[in-house]
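Given the structure is predicted, the values throughout are model-derived calculations rather than measurements. Naming: A, B, ... by sequence-line order, numbering from 1 per chain.
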Amino acid sequence: MREISFSEATLEAMKEEMERDEKVFIMGEDIARQGGIFGQFRGLPQLFGTERVRDTPITETAIVGAGVGAAMAGMRPVVDMHFADFLGVAMDEVFNQMAKIRYMFGGQTTMPLVLRAPDGIARSAAAQHSQSIEAWFLHVPGLKVVIPSNPADAKGLLKSAIRDDNPVIYFEHKGLFPMKGKVPDGEHFVPIGKADVAKEGTDLTIVSYSLMMNRVKEAGKILEDKGIKAELIDLRTISPIDKETIFESLAKTKKLMVVHEAVKIGGVGAEIAAMAAEEMLDYLDAPIKRLGAPFVPVPFSPALEKLVKIQTDDIVQAAEELCR
Amino acid sequence: MDKLNSKVVKYFYTTMIRIRKFEETINEYFLKGEIPGFVHLYIGEEAIGTGVCANLRDTDFITSTHRGHGHTIAKGAKVKYMMAEIFGKRTGYCKGKGGSMHIADFSVGMLGANGVVGGGYTLATGAALASKLQNKDNVSVCFFSDGASNRGTFHEAINMAAAWKLPAIFVCENNQWASTTPYRTTTAIENIADRAIGYGIPGVIVDGNDVFEVYKEAEKAVDRARSGGGPTLIEAKTYRIKGHFVGDPEMYRTKEEVKKVMEENDPIARFKEKATEKGLMTEKEMQEIDKKIEKEINEALKFASESPSPEPEELYQDLYV
Ligand SMILES: Cc1ncc(C[n+]2csc(CCOP(=O)(O)OP(=O)(O)O)c2C)c(N)n1
């Protein structure tokens, strides 16, 4: 299998889907002329023209809202948010329009719209350009939320998202764009709603996603050397959460840890912990452990920024405590 | 211009040079890898922040943008604390929590740079509302650029400020570029100032690279706002000389285009020409200021590099009162 970057993997997905279906188009700020901040749109306007690869004004409200409108009128838009942080600008369009229209109107329309949202901490971009806000969207019925951790999943999930008739928010960690990895040739899909058991184990279950999944994999290796066999689950989709895969694992390992870059309080880990406590308490033989950022905005100074990032060692240490 | 006193003229030159030298230094140290994060430079647009802020008092407010160093300096902030902030040090204005994109100095009414494009309109409007509610005669200025003029907040804030006759001034620095996107590809009209008619407020266009012009038009707008006349929309035509951010490969425009503007329309060169021609300042006076600023910037640099980084326990400070 060939190795390509995360950014190239998303580009392939876009190319294949735009070639296949004329209804697929993309709009966002600085995507055509610049090719995207992370090069993730490079070459698309040359292939498909600037009608289908549109640079927009700085107007997130309108681009998300217009995406909703275009989806209702028969197109399959992909909208780039530039930075996930700017989803906030278009929040009404996201949670009152995009998420609810199909249900409110009794199923009269589909909503084949994908929002791409580069998120996470990278290069000291400070409080308004570093956030991991995926958990906000778990609380909104009607949305699907996917969040790949590697190039193959980036491609497979993006293709699935574009083909899905429901609205999908696609979070892509800024730190992942340059990451290289094996990606199958040709058509490659990763189903939405299905987690991946990245590594089997018997001693504890570690659930994670996105960039952090890579830290978790590193931790898994270190733990192995220390004689702890961790089962590692890459969620891939955080709405809907693949309960079955997590529960199956818990039935085996009896210990649960969830790791994410986002603020711990009210995060995805809280939902997973609650699910496990509700339905799997009899199986658990240790308290559930969550690792997430402290309850502060992401500070600018590297000296402080590093304190809000979960490191591989933190994961190892927490796992050891759990297995003690 | 005859009315201009020598203090104001000196402020023009000192402030523009201070901004230019500060920015050149930041540019250099960013490229050396000593500055974290992202930095957006104001070089070539100095006349706008300077000409507008020359009309303001410490008790007046401004809101700024991601390209905020110039506004901050023009409003009277100290370069040493700015420099320390940009270097991520605990002695900086925001104790290292903000960085270049989030500098503020509330002690001089500088209510913050903003990482969210178009984030400032509503905040400036709110500050103007506070002035009105407290029967104070201070004004609020919102700086923004052409790209930001397409945010919905532009409309919502200006409409509200106009309807309530708030002491707010909206200053568009139309530098022709929003990142890689030319202004005219995202807007169907030539002049952003023309939108003022839709709010029933004056809309004026000024040469943004002529500090005297900017000063004159801003003076009218500030007087109007202070005396209860309501908002003005000023569009200052300028050009973004530097890349969108330091390190921008600038694939979207030619070097010639940029060079031409710098050669023919550098606001500092134009000031010098006019000031000497009219006998407002001598070459010698300017050189003295140059020297003073150089010293000041070097001291700021030293202060910033010698300052300590924030301590771990500071992570949780200032989240709540
Ligand atoms: C709401 C929002 N959308 C997008 C961005 C990303 N962004 C930062 S600066 C910029 C261009 C801004 O252009 P303009 O307002 O003209 O200001 P200039 O950079 O020219 O000073 C963009 C798109 C942002 N910071 N905030």
Side-chain angles (χ1 to χ4, degrees), chain A residues 27-37 39 41-42 45 50 54-65 82-83 85-93 121-131 174 263 265 293-309, chain B residues 35-38 66 84-90 92 94-103 113-119 145-154 178-183 185-188 244-245 248-249 251-253 308-320:
Chain A
M27 54 182 168
E29 293 153 22
D30 303 302
I31 64 172
R33 203 170 272 96
Q34 184 191 41
I37 315 180
F41 304 108
R42 213 162 276 156
T50 47
R54 308 182 76 91
D55 272 339
T56 68
I58 302 173
T59 178
E60 289 78 9
T61 311
I63 60 183
V64 176
H82 217 65
F83 283 77
D85 311 71
F86 310 145
L87 273 165
V89 171
M91 208 55 182
D92 184 65
E93 283 62 32
I121 296 173
R123 285 187 49 198
S124 305
Q128 296 174 336
H129 285 78
S130 302
Q131 296 165 90
K174 300 192 278 284
V263 166
I265 292 181
F295 196 60
V296 289
V298 179
F300 165 70
S301 179
L304 295 179
E305 192 196 60
K306 70 169 195 256
L307 303 175
V308 304
K309 277 196 277 196
Chain B
I35 293 174
F38 294 87
H66 55 287
E85 185 59 37
I86 292 168
F87 275 74
K89 300 303 181 69
R90 68 188 299 200
C94 313
K95 304 174 193 166
K97 298 237 170 67
S100 166
M101 250 191 303
H102 309 289
I103 296 192
N114 210 316
V116 180
V117 168
S145 189
D146 46 286
S149 75
N150 296 323
R151 276 288 316 277
T153 42
F154 172 95
S179 191
T180 63
T181 305
Y183 164 59
T185 63
T186 58
T187 312
H244 175 52
F245 50 87
D248 180 357
M251 309 292 274
Y252 45 84
R253 63 183 185 185
S309 287
E311 293 294 329
E313 63 269 20
E314 291 175 52
L315 180 64
Y316 293 97
Q317 285 168 13
D318 297 320
L319 183 60
Y320 298 104

Side chains of A:D30 and B:T180 only: does a donor on one sit below 3.5 Å from an acceptor on the other?
yes
If you measure from [atom1] on [X] to [atom2] on [Y], what distance do you get to the nearest 0.5 Å?
X      : Y      : atom1 : atom2 : result
B:F87  : A:S301 : CZ    : OG    : 12.0 Å
B:T186 : A:E29  : OG1   : CD    : 10.0 Å
B:H102 : A:H129 : NE2   : NE2   : 7.0 Å
B:E314 : A:L307 : CD    : CG    : 10.5 Å
B:F154 : A:I58  : CZ    : CD1   : 13.5 Å
B:Y252 : A:D55  : OH    : CG    : 12.5 Å

Heavy atoms, side chains only, cut-off 4.5 Å: are A:R33 and B:P182 in contact?
yes
Any heavy-atom pair between the side chains of A:P297 and B:L319 that's under 4.5 Å?
yes
Closest non-hydrogen atoms of B:N114 and A:Q128, given as atom of the first, atom of the second and distance, are OD1-OE1, 3.4 Å
Where A:A125 and B:F38 come nearest, the two heavy atoms and their spacing:
CB-CE1, 3.6 Å
Of the listed B:G147, B:A178, B:S309, the one with the largest count of heavy-atom pairs under 4.5 Å with chain A is B:G147
Of B:S100, B:G115, B:G152, the largest count of non-hydrogen pairs under 4.5 angstrom with chain A goes to B:G115
Should we count NZ of B:K89 as having more than 12 external heavy atoms under 6.0 Å?
yes
Turns out that what part of A:F83 lies under 4.5 Å from chain B's heavy atoms comes down to neither
Given that the side chain runs from C-beta out, which part of A:T61 has a heavy atom under 4.5 Å from chain B: side chain, backbone, both or neither?
neither
Using non-hydrogen atoms and a 4.5 Å limit, figure out which bit of [X] sits close to chain A: side chain, backbone, both or neither.
X      : value
B:T185 : side chain
B:I86  : backbone
B:L315 : both
B:D318 : neither
B:M251 : neither

From the list A:V308, A:V89, A:V298, A:T56, the residue making the most non-hydrogen contacts under 4.5 Å with chain B is A:V89
Among A:P302, A:S124, A:P294, single out the residue with the greatest number of heavy-atom pairs under 4.5 Å to chain B.
A:S124
